[in-house]
Amino acid sequence: MLGGSAEVIDIETIDADAAEFAPVVEAFNRYGIWALPVVTLDGKVVSVGITAPEQIASAVKQEIGQTSQAG
């Protein structure tokens with residue numbers, strides 16, 4: 001595994017007031033259905049509205065690289 005955690009979230013069933021889902025709710029509120037899918041890494045939104053697997057993978061890898069360099 002590359003590190004970090006991934007979760008599939010059903011936007012219709014989450015508690016929109018829960019702090020852990022705030023970044024997902026914010027993206028959905030801002031862009032509507034065009035935000036889907038929202039991809040997060042350790043709770044941080046790293047990709048919004050992209051369905052191409054290679055672009056999602058690239059966004060996740062970029063975020064992992066930035067996190068590794070910062071830490």
Side-chain angles (χ1 to χ4, degrees):
M1 179 156 205
L2 295 172
S5 62
E7 182 178 0
V8 175
I9 300 169
D10 181 348
I11 195 77
E12 293 181 348
T13 62
I14 65 170
D15 177 0
D17 295 325
E20 66 186 288
F21 298 122
V24 174
V25 172
E26 180 181 337
F28 187 73
N29 286 342
R30 181 175 295 179
Y31 303 109
I33 196 163
W34 301 110
L36 300 178
V38 176
V39 179
T40 65
L41 181 65
D42 292 332
K44 180 179 177 185
V45 174
V46 296
S47 177
V48 179
I50 295 173
T51 57
E54 63 277 1
Q55 289 179 315
I56 293 171
S58 177
V60 171
K61 286 179 186 176
Q62 181 178 347
E63 181 60 32
I64 289 172
Q66 289 175 1
T67 302
S68 297
Q69 291 173 2

Exercise. Between atom OG1 of Thr40 and atom CD of Glu63, what is the distance when rounded to the nearest 0.5 Å?
Worked result: 10.5 Å
Exercise. What residues, two or more places apart in sequence or in another chain, satisfy side-chain contact (heavy atoms from CB on, under 4.5 Å) together with Asp17?
Worked result: Asp15
Problem set entry | From NZ (Lys61) to CD1 (Ile56), nearest 0.5 Å | 12.5 Å
Exercise. Which pairs count as salt bridge (charged side-chain N to carboxylate O under 4.0 Å, His left out) when at least one residue sits in residues 25-40, sequence neighbours excluded?
Worked result: Glu26-Arg30
Exercise. Taking only residues two or more places apart in sequence or in another chain, which ones pass side-chain contact (heavy atoms from CB on, under 4.5 Å) with Phe21?
Worked result: Glu7, Ile9, Ile14, Ala18, Val25
Exercise. At what distance, to the nearest 0.5 angstrom, does CG of Leu36 lie from OH of Tyr31?
Worked result: 13.0 Å
Exercise. What residues, two or more places apart in sequence or in another chain, satisfy side-chain contact (heavy atoms from CB on, under 4.5 Å) together with Asp10?
Worked result: Glu12, Thr13
Donor-acceptor contacts under 3.5 Å from residues 45-55 side chains, at least two apart:
none

For this session: Kindly write out the residues that satisfy side-chain hydrogen bond (donor to acceptor under 3.5 Å, both in side chains) with Glu20, not counting sequence neighbours, or none if the list is empty.
Result: none
